[in-house]
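The sequence lines fix the lettering, A, B, ..., with proteins before strands; numbering per chain opens at 1.
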There are 2 protein chains.
Amino acid sequence: MNRPRITDVARIAGVSTATVSRALSRPERVSAETRATIERAIAETGYRLNHAARNLRHQRTGSIVALVPNLANPYFSQILSGIATVLSPAGYNLLVADTRTTNPIRYGDPSHADGLIVMDGSVPPSVLAERPTVVVSESIRGLSAPCVLIDNEAAAATAVTHLADLGHRRLGHVTGPRGNVLTEQRLSGTQRAAAARGLPAPTVIEGDFSLASGRRAAQRWLEMADRPTGVFLASDEMACGFIGELQRHGISVPRDVSVIGFDDIEMVEHLTPGLTTIRQPRGAMGCVSAERLLGILGGDGEEGDTILPVELILRASTAIPR
Amino acid sequence: MNRPRITDVARIAGVSTATVSRALSRPERVSAETRATIERAIAETGYRLNHAARNLRHQRTGSIVALVPNLANPYFSQILSGIATVLSPAGYNLLVADTRTTNPIRYGDPSHADGLIVMDGSVPPSVLAERPTVVVSESIRGLSAPCVLIDNEAAAATAVTHLADLGHRRLGHVTGPRGNVLTEQRLSGTQRAAAARGLPAPTVIEGDFSLASGRRAAQRWLEMADRPTGVFLASDEMACGFIGELQRHGISVPRDVSVIGFDDIEMVEHLTPGLTTIRQPRGAMGCVSAERLLGILGGDGEEGDTILPVELILRASTAIPR
DNA sequence: AATCATGTTGCAAACGATTACAGCCTCGAA
DNA sequence: TTCGAGGCTGTAATCGTTTGCAACATGATT
């Protein structure tokens, strides 16, 4: 037996399909008794709306696609989770596409989704121009879409100020890859905050956000004559590698050196010592980006970027210098 | 200016919409020169197919929905990632729904998706009966859908056998919540393997898979007169809590006690000591479940469950007993 | 009694594709 | 010349809704 259609309901209720449709979408425009009859007919047939047909008629899809560079990465899945909590009550489906395996062009196509939330800065702007778009976490050059970001410079300053508050004067900073926007902003915040406290410019070690580059940074630190007593690393992954390598050489954290990371990825809470770090509000970033996209879709979208506050998470890896 | 439709292409190419449609879906049924003309017209107009219309006509959606209990949990996002790598090349969209925020009934609706991949054992079978379904990781009682699983009993036996191989004779096992299928299977595998090696029955401590319950298990361990020298915990999270709490009491892992976990979640590689554990092939579980679903959709679906092999990951938390 | 506003309902045309069926043309065989 | 086969194309119905417009009934107003 085929799935019941709206005409089946109409026939059984003895009304036209137009009336059934109205009873569903704007019940107040249908008389109470007709509505009751229709409801009975719906129950009897087990009728359920065909969304493909409705979407065709409405010229919309009811879906939002989220473009992530790597679905397996917890950083993104937490943002996704935030997005889902907003989209679902709003009646939108969440379509997820991993840019490693999916051609983003496919989702730029308006017949797939009503809007895009992009977490991958490397997606070409031309693909995104066709649909309402919100960018999260990174900004994309040449695209005039609203972004949901954190203030990386201020966040870095917070980290450095924390070290300064503890009494550290010789500071180190391990950066992300050169040229990356995040890298530059965090570096600049680091230098600004140190200067503001009247401290000498922090020693800069170049990294690339990866665990391995954190380990290399540790080797650099070990070789130094005048070792910084407080080190701020631009990612938690690097901080993990850094601490692990130091411990392997008998250095104690935080007794010999205080370490502060960036991101607050889940695992660093469980390290020994627990890592002091800057938490990015990933869930909130997801929520806000979804809300802003809904705003645009609803026609009352605002201009400009949203900057979300970060939080300094104090754990055991930072302490007063010896 | 409106989006070009197939009629626009047809008009410009001087053919009927039927011919344009055929040129797109089965080019060999259209003469080469007509095809060329059509292609020119498509390029000229910038025409792109409207998927809503095609789907309506084809009575399909082109989407698969994945039902996860918690999108922010890396365990699931890695499975999702595997699913995405298979679905995307097959031309399907991946719709993700978090069962905490979305009513699963909504996705049981055939007009949303062509099939379901379920990662949440608590979804009522009635919701799933309407569409082809594959269950991953847990099995759902009362649902005759193929499952993609690991052999939890054998995996637990592998863990225990590893401890036995190292020479441990007094073993402990921290379980998941009672009543859970996984809990029972891992417990039974633990007991069977100990018996097979002629060891006394392992001391059982009840947990619930959470970090906190791992900490509580550590307290229980500390109170014991005759402490097990090797402990197998049914989740890595519990193992983290367990080790952390022991270290806080000056107990050294693995010198004083060997610890083995279950899952190989990302962070445990970076603990000190690195956690020996049983790795679930999460990416593969995702791939296989997606492939099986595509099989069903394609009409040549096979019956029965797929059991994937686990892997013992040796790290630093297990060693020969003192 | 005529007019009008109001509330309900139905008719039929969209939305944008796909495809069964039939028609036309060409060419080779009888 | 006639016929049939095969290749290509067009006509029109269809997928399941939504919605502008018009029609109708009812009761209030003049």
**Request:** Figure out the CZ/C1' separation between B:R54 and D:dG16, and round it to whole Å.
**Result:** 18 Å

**Message:** By the salt bridge (charged side-chain N to carboxylate O under 4.0 Å, His left out) test, which pairs, at least two apart or in different chains, include something from residues 12-27 of chain B?
**Reply:** none

**Message:** Could you tell me how far apart B:H112 (NE2) and D:dG16 (P) are, to the nearest whole angstrom?
**Reply:** 16 Å

**Request:** Please round to 10 degrees the angle between the axis of the first five pairs and the axis of the last five pairs in the helix from C:dA1-D:dT30 to C:dA30-D:dT1.
**Result:** 70°

**Prompt:** Looking at CD1 of A:I117 and CG of A:L94, how far apart are the two atoms once the value is rounded to the nearest 0.5 Å?
**Reply:** 7.5 Å

**Asked** Within the side chain of B:R3, is there an N or O that forms a donor-acceptor pair under 3.5 Å with the backbone of B:G46?
**Response** no

**With sequence neighbours excluded, residues passing salt bridge (charged side-chain N to carboxylate O under 4.0 Å, His left out) with B:R11** = B:D8

Taking N or O atoms only and anything under 3.5 Å, show me the protein contacts with nucleotides 22-24 of chain D, one pair per line.
none

**B:D114 and B:T61: side chain donor to acceptor below 3.5 Å** = yes

Just the table, please: protein N/O against nucleotides 10-15 of chain C N/O, every pair under 3.5 Å.
| residue | atom | partner | partner atom | Å |
| --- | --- | --- | --- | --- |
| C:dG10 | OP2 | A:S16 | N | 2.8 |
| C:dG10 | OP2 | A:S16 | OG | 3.1 |
| C:dG10 | OP2 | A:T19 | OG1 | 2.5 |
| C:dG10 | N7 | A:R22 | NH2 | 2.9 |
| C:dG10 | O6 | A:R22 | NH1 | 3.3 |
| C:dA14 | N3 | A:R57 | NH1 | 2.8 |
| C:dC15 | O3' | A:Q59 | OE1 | 3.4 |
| C:dC15 | O3' | A:Q59 | NE2 | 3.4 |

**Message:** Holding to salt bridge (charged side-chain N to carboxylate O under 4.0 Å, His left out), I want the full list of residues that pass it with A:R279, two or more places apart in sequence or in another chain.
**Reply:** A:D264, A:E311

**Message:** Test of understanding: with side chain to side chain donor-acceptor pair (under 3.5 Å), list the residues that count as partners of B:S31, not counting sequence neighbours.
**Reply:** B:T34

**Request:** Measure the shortest side-chain to side-chain distance between A:I64 and A:L116 over non-hydrogen atoms and say whether it is less than 4.5 angstrom.
**Result:** no

**Asked** So which of residues 25-37 of chain B are in contact with DNA chain C, with a heavy-atom cut-off of under 4.0 Å?
**Response** none

**Message:** Once you apply a heavy-atom cut-off of 4.0 Å, does B:R60 come out as touching a base, just sugar-phosphate, or nothing?
**Reply:** nothing

**Atom-pair distance (CG on A:N55; P on D:dT18), nearest Å** = 10 Å

**Prompt:** Between A:H51 (NE2) and D:dT18 (P), how many Å, whole number?
**Reply:** 9 Å

Table of protein N/O atoms under 3.5 Å from nucleotides 4-6 of chain C N/O atoms:
none

**Request:** Enumerate the residue pairs fulfilling side-chain hydrogen bond (donor to acceptor under 3.5 Å, both in side chains) with a member in residues 65-75 of chain A, sequence neighbours excluded, ordered by first and then second residue.
**Result:** A:N70-A:R100, A:Y75-A:S137, A:Y75-A:Q280

**salt bridge (charged side-chain N to carboxylate O under 4.0 Å, His left out) partners of A:D120, counting only residues at least two apart** = none

**Prompt:** Partners of B:S88 by side chain to side chain donor-acceptor pair (under 3.5 Å), sequence neighbours excluded?
**Reply:** A:T102

**Asked** Expressed in angstrom and rounded to an integer, what is the separation of B:Y47 atom OH from C:dA17 atom C1'?
**Response** 7 Å

**Asked** Can a cation-pi geometry be assigned to B:R60 and B:Y92, taking NZ or CZ under 6.0 Å from the six-membered ring centre and within 45° of the ring axis?
**Response** yes

**Asked** Near B:E33 CD, under 6.0 Å, is it more than 12 heavy atoms from other residues, nucleotides or ligands?
**Response** no

